[in-house]
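This report refers to the structure that appears directly beneath it.
Below, read A as the first sequence line, B as the second, and so on, with proteins coming before strands; counting in each chain starts at 1.
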Amino acid sequence: MTNSTADTPHFDKADLKSFRAKLKRWYKVSKRDLPWRKTSDAYRIWLSEIMLQQTTVAAVIPYYERFLNQFPSVHELAEAPESEVLKLWEGLGYYSRARNIHKTAKLIAQEFSGDFPQSADDLQKLPGIGRYTAGAISSFAFNRPAPIVEANTQRLYARLLAYEDSLQATSAQKQLWNFAEEIVPQRDPGEFNQALMELGSQICKPVDPACGACPISKFCLAFQQGRQEEIPRPKMKTELTDVVHLCVALKKGSKYLLQQYAEGERWAGLWDFVRWEQNDFPATLQTVRNKCDTTSSGLFEDTELYAREFARIEQLLADRYQLNAKLTDFRLSIRHGVTRFRISLMCFAGEYVKGSVKTISPSARWVSKSELAEYPLSKTGRKFAESLIASE
DNA sequence: TTCCGGGACT
DNA sequence: AGTCCCGGAA
């Protein structure tokens, strides 16, 4: 094997044959028994691959099982309302995936008479299916020799080639796809691709790769050079921006006010309590409260702080939404990350007094405690809802 | 507590 | 280039 340019082969014929044979033998005894490996049904393969985008295997498994239980085929999925799909996706994150599978299911049912296209090129035209997912479905479900490059295989290829430069560059991606194209066999390409990913995730790990247990280490240039820890080059990280969000569970009688995030917004299609960004708000009320709970000396000051901040939030509700409300408690503070943002979410409870809730959002509606369970909420929305229900 | 990993779309 | 989310490891 030579470290050559993109348009010449990286393996000679004999090496490639040996590489494939060793990989195949390893996979046969090492493959994990995952739910989506029991089938070659394109619907199931597709569903699993979409769920696995940016998501770990352990997180996906229960969602996958529940989803199939509810929607055994693409037809049931196509017939369902989007809200039901979002509800099943609740907590998994990247909710555009849920909206896209619903769109795609409708397309497949209505325009493709229920059958997925088999070629990677055609699959890639469907919403939510990029080049990797198209190659995965085409090879796993239809045994077409389509190349794949995703996180695990990308790292594996980079080490095999001792690829020096940043993998994010367009030229790097081009070379990795070319390499994947070169090595994918005509015979059992699906099994081959799965074996590559399994090797990438279980052996060729990001940190402390298990080269001693790797069946193809003799073909690996990074291993030969003892540089498997430094290749691939770590991608430069974008720094996080701190933001503060305020959230108010407004109550009218026994009902809570919910609003639905609009298309194009973060959490589009999901529901939440009234919530907005307020970066000039102190993100430290939690610590203040903890201090207040444990010592009595600071109580007066803290009470004063609370009164001041409550009044300010009431004013914000009035200014932003022409809504009169009386804040009653500070309930909890949640920190969570969304892409490049680190959000401190301060959750309050309050009583509705007067004003139109439609100024908050046209979708705003009053929802009983039991109905709260039916609405798809973000992880933080659900956490707040649970805590409200628990304390009633 | 912070850090890190994981594809598609615009 | 920037956006979308959460779980689990460190």
Side-chain angles (χ1 to χ4, degrees), chain A residues 45-64 86 89-104 120 123-137 146-156 158 166-170 172-173 176-177 180 193 197-198 200-202 204-209 232-243 245 261-270 272 275 277 283-284 286-287 290 333-345 376-384:
Chain A
I45 304 280
W46 164 67
L47 178 62
S48 69
E49 286 302 332
I50 301 296
M51 287 184 164
L52 287 163
Q53 288 168 6
Q54 306 298 97
T55 311
T56 57
V57 166
V60 165
I61 289 174
Y63 283 86
Y64 177 78
L86 279 169
W89 207 272
E90 183 185 289
L92 199 55
Y94 290 108
Y95 299 95
S96 64
R97 294 183 295 172
R99 296 192 302 275
N100 281 335
I101 59 164
H102 191 227
K103 272 190 218 157
T104 295
L123 284 161
Q124 207 181 326
K125 297 188 180 104
L126 298 167
I129 299 183
R131 191 171 177 187
Y132 159 69
T133 306
I137 299 169
I148 54 158
V149 179
E150 44 66 78
N152 295 308
T153 43
Q154 163 172 292
R155 184 174 57 251
L156 174 65
S166 160
L167 297 187
Q168 279 66 52
T170 313
Q173 288 300 311
L176 293 169
W177 279 101
N193 281 342
M197 289 201 296
E198 189 76 346
S201 67
Q202 304 304 114
C204 199
K205 297 171 291 180
V207 180
D208 195 20
R233 177 192 295 224
K235 62 173 165 225
M236 68 166 216
K237 39 184 180 259
T238 57
E239 88 252 34
L240 295 175
T241 303
D242 284 301
V243 293
H245 285 193
Y261 291 110
E263 193 157 348
E265 276 188 295
R266 186 183 291 158
W267 295 299
L270 273 69
D272 207 340
R275 174 170 169 169
E277 185 170 327
T284 51
Q286 178 68 56
T287 22
N290 289 345
S333 133
I334 305 171
R335 295 176 67 87
H336 67 120
V338 180
T339 62
R340 50 178 281 264
F341 301 100
R342 187 168 50 206
I343 303 174
S344 296
L345 174 64
L377 308 180
S378 70
K379 202 72 190 171
T380 53
R382 180 57 63 203
K383 188 169 177 185
F384 190 16

- Query: In terms of heavy-atom contacts, does CD of A:E265 have more than 12 from other residues, nucleotides or ligands at under 6.0 Å?
  - Reply: yes
- Message: Quick test of your reading: applying salt bridge (charged side-chain N to carboxylate O under 4.0 Å, His left out), list the pairs with at least one residue in residues 124-137 of chain A, sequence neighbours left out, ordered by first then second residue.
- Response: A:D122-A:K125
- First of A:N152 and A:P127 reached from the 5' end of DNA chain B, by closest nucleotide: A:N152
- Message: Is any side-chain heavy atom of A:I129 closer than 4.5 Å to one of A:I50?
- Response: yes
- Going by heavy atoms closer than 4.0 Å, what residues in residues 337-344 of chain A are next to DNA chain C? A:G337, A:V338, A:T339, A:R340, A:F341
- Query: Considering residues at least two apart in sequence or located in another chain, which fulfil the side-chain contact (heavy atoms from CB on, under 4.5 Å) criterion with A:K379?
  - Reply: none
Is there any protein nitrogen or oxygen under 3.5 Å from a nitrogen or oxygen in nucleotides 8-10 of chain C, and what are the pairs?
none

- What is the distance, rounded to the nearest whole Å, between atom CZ of A:R382 and atom P of C:dC6? 12 Å
- Atom pair distance, as rounded to whole Å: CH2 in A:W267 and C1' in C:dT3: 13 Å
- Mind checking A:Y132 for me? I need base, sugar-phosphate or nothing, with any heavy atom below 4.0 Å counting as a touch. sugar-phosphate
- Item | Whole-Å distance separating the OH atom of A:Y261 from the P atom of C:dC5 | 10 Å
- DNA chain B: first to last nucleotide in contact with chain A (atom under 4.0 angstrom from a heavy atom), 5' to 3', is B:dT1 to B:dC9
- Counterpart residues, salt bridge (charged side-chain N to carboxylate O under 4.0 Å, His left out), relative to A:R275 (two or more places apart): A:D272
- Task: Calculate the interatomic distance between A:L240 atom CG and C:dG2 atom C1'; express it in whole Å.
- Result: 14 Å
- Atom NZ of A:K235 to atom P of C:dA1: distance rounded to whole Å? 14 Å
- Whichever of A:R131 and A:K237 has the more 5' nearest nucleotide on DNA chain B, that residue is A:K237
- Message: From CD of A:E265 over to C1' of C:dC5, roughly how many Å is that when rounded to an integer?
- Response: 16 Å
